[in-house]
Amino acid sequence: MFKGLREDIKAVFENDPAVKNIAEVLLCYPGLHAILLHRPAHWLYNRRRFVLARIISNFSRFMTGIEIHPGARIGKGFFIDHGMGIVIGETAEIGDNVVMYHGATLGGTGKDKGKRHPTVGNNVMIGAGAKILGPITIGNNVKIGAGSVVVKSVPDNCTAVGCPAKIVRRRYNRENNVLSWVI
């Protein structure tokens with residue numbers, strides 16, 4: 001538990017240049033508070049204690065303005081900056097070292113059963129107000145521009161912007177020999 005807390009605090013220091021000290025992080029970062037409350041809610045959800053998990057989740061939303069369903073799976077190093085209005089759905093999966101800005105949504109597209117929310121890879125940045133909708137996959141090392149609406153999967157090492165989002169840049173990656181290109 002304390003190792004996870006250290007990693008969550010470390011993510012704040014790595015991603016927010018305005019942070020001054022650990023006391024400020026522990027007392028004044030609603031994104032950190034939402035993640036810390038999500039972890040026990042998710043633990044309860046996995047043990048079929050759905051009502052108690054939802055109570056903790058709703059308390060967290062009331063306190064932070066960030067709504068994370070207790071069923072969502074979140075990796076280590078997740079950082080929420082200026083988190084008001086963030087929504088993360090029940091079947092969403094978030095990899096390690098993901099940064100998400102205010103107003104972003106990982107949501108569904110209807111009342112389908114089963115997997116209906118996005119899967120986000122590692123080292124992803126999701127801009128303010130971005131909407132990522134449906135059971136799609138966002139690859140590793142991806143940037144989603146502010147205000148973008150993503151309804152199709154985005155491969156690794158890309159930048160996607162617009163409504164609907166289009167890939168505008170693919171970064172070079174030695175492993176798969178992809179060269180940068182711009183549309």
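Counting from 1, the numbers follow the sequence of the chain as shown.
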**Asked** Are Val124 and Ile68 linked, directly or through other ILVMFWY residues, by side chains that come within less than 4.5 angstrom of each other?
**Response** yes
**Item:** Shared hydrophobic cluster for Leu5 and Leu37 (ILVMFWY, side-chain gaps under 4.5 Å)
**Value:** no
**Prompt:** Val149, Leu106: one ILVMFWY side-chain cluster at the under-4.5 Å cut-off?
**Reply:** no
**Prompt:** Among pairs that include at least one residue of residues 38-77, which meet ring pair (Phe, Tyr, Trp, His ring centres under 6.0 Å), considering only residues two or more places apart or in two chains?
**Reply:** His38-His42, Tyr45-Phe50, Tyr45-His69
**Message:** My understanding is that only residues two or more places apart in sequence, or in another chain, count here; which of them pass side chain to side chain contact (heavy atoms under 4.5 Å, CB included) with Ile136?
**Reply:** Pro118, Ile132, Ile138, Val150, Ser153
**Message:** Tell me every residue that passes side chain to side chain donor-acceptor pair (under 3.5 Å) with Asn15, counting only those two or more places apart in sequence or in another chain.
**Reply:** none
**Message:** Nearest 0.5 Å, please: how far is CD1 in Ile74 from CD1 in Ile94?
**Reply:** 4.5 Å
**Item:** All pairs passing side-chain hydrogen bond (donor to acceptor under 3.5 Å, both in side chains) where residues 18-34 contributes a residue, at least two apart
**Value:** Asp16-Tyr29
**Prompt:** Any link between Leu133 and Val87 through a network of hydrophobic side chains (Ile, Leu, Val, Met, Phe, Trp, Tyr) touching at under 4.5 Å?
**Reply:** no
**Message:** Using the side chain to side chain contact (heavy atoms under 4.5 Å, CB included) criterion, which residues pair with Lys152? Sequence neighbours excluded.
**Reply:** none
**Asked** Which residues satisfy the side chain to side chain donor-acceptor pair (under 3.5 Å) test with Thr64, sequence neighbours excluded?
**Response** none
**Message:** So does Asn140 get a backbone contact from the side chain of Asn123, meaning a donor-acceptor N/O pair under 3.5 Å?
**Reply:** no
**Message:** Distance check, rounded to the nearest 0.5 Å: Ile144 atom CD1 versus Cys158 atom SG?
**Reply:** 9.0 Å
**Complete:** Tightest non-hydrogen contact, residues Ala53 and Leu44, listed as CB-CB, 4.0 Å
**Asked** Mind checking what makes side chain to side chain donor-acceptor pair (under 3.5 Å) contact with Asp8, not counting sequence neighbours?
**Response** Arg39
**Message:** Using every non-hydrogen atom in the two residues, find where Ala160 and Val154 come nearest and quote the distance to one decimal.
**Reply:** CB-CG2, 4.2 Å
**Contact check, side chains of Met100 and Val120, non-hydrogen atoms, under 4.5 Å** = no
**Message:** Looking at every non-hydrogen atom in both residues, tell me the closest pair between Ile126 and Ala104 and how far apart they are.
**Reply:** CG2-CB, 3.9 Å
**Prompt:** Between Val25 and Phe13, which heavy-atom pair has the shortest distance, and what is it?
**Reply:** CG2-CE1, 3.9 Å
**Asked** If you look only at pairs with a residue in residues 47-65, which of them pass as a salt bridge (charged side-chain N to carboxylate O under 4.0 Å, His left out), with sequence neighbours excluded?
**Response** Arg61-Glu67
**Message:** I'd like to check the side chain to side chain contact (heavy atoms under 4.5 Å, CB included) partners of Pro40; sequence neighbours left out, ordered by chain and number.
**Reply:** none
**Prompt:** Within the side chain of Thr91, is there an N or O that forms a donor-acceptor pair under 3.5 Å with the backbone of His117?
**Reply:** yes
**Request:** Name all pairs fulfilling the salt bridge (charged side-chain N to carboxylate O under 4.0 Å, His left out) condition that reach into residues 95-110, sequence neighbours left out, sorted by first residue then second.
**Result:** none
**Asked** Which pair of heavy atoms, one from Gly145 and one from Val161, lies closest together, and at what distance?
**Response** CA-CG1, 3.8 Å
**Fill in**
Smallest heavy-atom separation, Asp156 atom then Gly139 atom, equals OD1-CA, 3.1 Å
**Request:** Check step by step if side chain to side chain contact (heavy atoms under 4.5 Å, CB included) holds for Ile66 and Ile88.
**Result:** CA-CA 8 Å; Ile66 299 167; Ile88 300 172; 5.7 Å; no
**Complete:** So the salt bridge (charged side-chain N to carboxylate O under 4.0 Å, His left out) pairs with at least one residue in residues 69-95 (sequence neighbours excluded) are Arg73-Glu93, Glu90-Arg116, Glu93-Lys115
